[in-house]
Student: 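Below you will find the structure I want to go over with you.
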Amino acid sequence: MSTAIAYQSISSFVSHQSSTISQSSRQPLLLPTKGFKINLSLSYYTSRRKINFSKIEAIASQTSVPYNTLLSPSKNIIPDNSHKKSNEAALILIRHGESLWNAKNLFTGCVDVPLTEKGVEEAIEAGKRISNIPIDIIFTSSLIRAQMTAMLAMIQHRRKKVPIILHNESDQAKSWSQVFSEETKDQSVPVIPAWQLNERMYGELQGLNKQETAERYGKQQVHEWRRSYDIPPPKGESLEMCAERAVAYFEDNIEPKLAAGKNVMIAAHGNSLRSIIMYLDKLTCKEVISLELSTGIPLLYIFKDGKFMKRGSPVGPTEAGVYAYTKRLAQYRQKLDDNSEVLCS
């Protein structure tokens, strides 16, 4: 009963934090509306709009269609009324572990390179930190370093559900990857790759050494390419352009899942996650350029009543209080503990 006790002990703190947050009205981030193309034939979302939470929730409550016809979303341990939409969900953000090009100090961007041994360890440690938080669906970029991070993290989860990448790129891919056992589906977590969550494209800098590039073009110029909001590197994307696609995808595909009560993990990259955090925390263009995300460190948000509440990084599975941010998470953790005791007895 350690988690239940921890929940009671900090419930007043949580209530104070939640009430403070709810007093401020949440205004969505308005991103630029101009369209653009770069010469690698990448095209991006060009329209922005204010999110209508009441519309999302109405749609979520009226539909019974699963995420994907190939794989059912995982079921929560906590019994839910299937006819009712939950007004609370967990959102976990993880920047991928160290990649081989991170280690070599190279501009990586959209080049698809795997994790280093250190990156693998970071992904495993991230998994331990979120092993008691419910996860119903995972979104990753299309790049292997983000997908490796998601898979390695899920191996550490106490539910022991299997992450399965959904292949929707063609009718044949959908047909060939179907799962026909309902029991197996229930013990799986769907993983949806999306190029919109990719790292920003660094154009002609990709593959170059960062220090050598600074010596060649000047530290100030390289600093502008890396840290400004609206200045892209040659034939690449600015953070503004990356945010345009990443936030649009989040609004259209991820936020409705949260509004429907589904717990979501996103494994992606420094700049695509900075873009999403800019939207969640209502950061300004100046504030987001100073935001730094460590590799392999998960961040937890609670989505409740149309608002995102930032909860920081879970410190580890042995810290019961970390999972008592809400009564629902505390109950989930307690159920995991109870099930473990039954299995060990």
Side-chain angles (χ1 to χ4, degrees), residues 29 31-32 34-46 93-119 122 140-146 148-149 195-249 266-281 283-297 299:
L29 173 67
L31 294 173
K34 62 184 179 180
F36 55 87
K37 282 190 175 181
I38 55 179
N39 69 349
L40 288 185
S41 300
L42 292 177
S43 59
Y44 304 90
Y45 287 103
T46 57
L93 308 179
I94 304 180
R95 183 188 175 191
H96 65 81
E98 182 189 67
S99 75
L100 288 169
W101 277 16
N102 289 147
K104 291 178 178 292
N105 200 31
L106 305 181
F107 285 101
T108 311
C110 287
V111 180
D112 207 0
V113 297
L115 300 180
T116 61
E117 184 176 346
K118 177 184 176 182
E122 288 176 333
T140 77
S141 75
S142 66
L143 303 175
I144 190 63
R145 56 191 185 272
M148 287 179 69
T149 299
W195 71 266
Q196 292 90 338
L197 299 176
N198 282 10
E199 179 59 280
R200 74 178 173 117
M201 209 279 282
Y202 269 98
E204 293 183 348
L205 301 186
Q206 290 185 168
L208 299 183
N209 181 278
K210 294 176 182 178
Q211 180 60 37
E212 293 175 358
T213 304
E215 294 172 358
R216 177 179 177 183
Y217 293 99
K219 291 183 179 180
Q220 182 60 34
Q221 178 63 75
V222 173
H223 179 76
E224 287 185 353
W225 286 335
R226 295 187 64 191
R227 289 294 177 258
S228 65
Y229 181 69
D230 57 358
I231 300 176
K235 299 181 181 179
E237 285 183 304
S238 63
L239 178 57
E240 178 186 31
M241 295 158 75
C242 178
E244 196 50 35
R245 58 173 164 85
V247 174
Y249 185 85
I266 304 175
H269 307 265
N271 284 298
S272 55
L273 290 178
R274 287 166 71 205
S275 301
I276 291 172
I277 292 172
M278 182 182 184
Y279 170 71
L280 300 178
D281 293 347
L283 302 180
T284 66
C285 299
K286 291 183 179 179
E287 289 172 331
V288 74
I289 60 177
S290 62
L291 176 64
E292 294 290 342
L293 300 179
S294 300
T295 54
I297 302 296
L299 296 176

Student: Asp230 and Ser238: which non-hydrogen atoms are nearest, and at how many Å?
Tutor: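 Nearest heavy atoms, Asp230 then Ser238: C-CB, 3.7 Å.
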Student: Honestly, is Arg200 close enough over Tyr202, meaning NZ or CZ under 6.0 Å from the six-membered ring centre and within 45° of the axis?
Tutor: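 Yes, Arg200 sits over the ring of Tyr202.
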Student: In plain terms, say whether Arg145 and Glu199 are close enough for a salt bridge, that is, a side-chain N and a carboxylate O under 4.0 Å apart.
Tutor: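 Judged by the 4.0 Å cut-off on N to carboxylate O distance, Arg145 and Glu199 do not form a salt bridge.
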Student: Below 4.5 Å, heavy atoms only, C-beta onward: do His96 and Asn102 meet side chain to side chain?
Tutor: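 Yes; the side chains approach each other to less than 4.5 Å.
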Student: When you compare the side chain of Leu299 with that of Ile277, does any pair of heavy atoms fall below 4.5 Å?
Tutor: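 Sidechains of Leu299 and Ile277: in contact.
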Student: Do you know which two heavy atoms are closest between Ser272 and Asn198, and how far apart they sit?
Tutor: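 Minimum heavy-atom separation between Ser272 and Asn198: CB-O, 3.5 Å.
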Student: Please report the C-alpha distance between Thr295 and Glu98 in whole Å, then the side-chain angles of each, then the deciding distance to 0.1 Å, and finally whether the side chain to side chain donor-acceptor pair (under 3.5 Å) criterion is met.
Tutor: CA-CA 6 Å; Thr295 54; Glu98 182 189 67; over 6 Å; no
Student: Does Lys210 count as lying over the ring of Phe107, i.e. NZ or CZ under 6.0 Å from the six-ring centre, within 45 degrees of the axis?
Tutor: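 Yes; both conditions hold, so Lys210 lies above the ring face of Phe107.
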Student: Cys285 versus Met278: any side-chain heavy-atom pair under 4.5 Å?
Tutor: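 Yes, their side chains come closer than 4.5 Å.
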Student: Judged by atom type as modelled, is there a donor-acceptor pair below 3.5 Å linking the side chain of Thr149 to the main-chain atoms of Gly97?
Tutor: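 Such a contact is found between Thr149 side chain and Gly97 backbone.
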Student: Which heavy atom of Pro232 sits nearest to which heavy atom of Trp225, and what is that distance?
Tutor: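 So the two residues come closest at O-CD1, 3.5 Å.
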Student: List in chain and number order the residues that pass salt bridge (Lys or Arg N to Asp or Glu O under 4.0 Å) with Glu117, two or more places apart in sequence or in another chain; answer none if no residue qualifies.
Tutor: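 So Glu117 forms no salt bridge (Lys or Arg N to Asp or Glu O under 4.0 Å) with any residue.
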Student: Can you tell me how far CD of Glu215 sits from OG1 of Thr213, rounded to the nearest 0.5 angstrom?
Tutor: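 Thr213 atom OG1 to Glu215 atom CD measures 9.0 Å (nearest 0.5 Å).
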Student: First locate atom CD1 of Ile94, then atom OG1 of Thr140, and finally report the distance between them rounded to the nearest 0.5 Å.
Tutor: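 Result: 11.5 Å between the selected atoms.
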Student: Could you walk me through whether Gln206 and Met201 pass the side chain to side chain contact (heavy atoms under 4.5 Å, CB included) check?
Tutor: CA-CA 8 Å; Gln206 290 185 168; Met201 209 279 282; 3.5 Å; yes
Student: Is the shortest heavy-atom distance from the side chain of Leu280 to the side chain of Leu93 under 4.5 Å?
Tutor: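 Yes. Closest side-chain heavy atoms under 4.5 Å.
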Student: Taking all atoms of both residues into account, what is the closest heavy-atom pair of Asn271 and Arg274, and its distance?
Tutor: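 That would be OD1-NH1, 2.5 Å.
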Student: Can you tell me how far the CD1 atom of Ile144 sits from the CG atom of Leu115, to the nearest 0.5 Å?
Tutor: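 Here the interatomic distance stands at 8.0 Å.
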Student: State the NE2-SG distance between His269 and Cys242, to the nearest 0.5 angstrom.
Tutor: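 If we round to the nearest 0.5 Å, His269:NE2 and Cys242:SG are 9.5 Å apart.
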Student: Using the rule salt bridge (charged side-chain N to carboxylate O under 4.0 Å, His left out), only one of Arg226, Arg227, Arg95 pairs with Glu292; which is it?
Tutor: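 Running salt bridge (charged side-chain N to carboxylate O under 4.0 Å, His left out) over Arg226, Arg227, Arg95 with Glu292 returns exactly one hit, Arg227.
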Student: What distance separates Leu205 CG from Leu106 CG, expressed to the nearest 0.5 Å?
Tutor: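 Reported to 0.5 Å precision, the distance equals 11.5 Å.
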Student: Short question: side chain of Asn209, backbone of Gln211 - any donor-acceptor pair under 3.5 Å?
Tutor: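 At least one qualifying donor-acceptor pair exists.
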Student: Let me confirm one number: the CG-OG distance from Asp112 to Ser141, rounded to the nearest 0.5 Å.
Tutor: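 The CG atom of Asp112 sits 7.5 Å away from the OG atom of Ser141.
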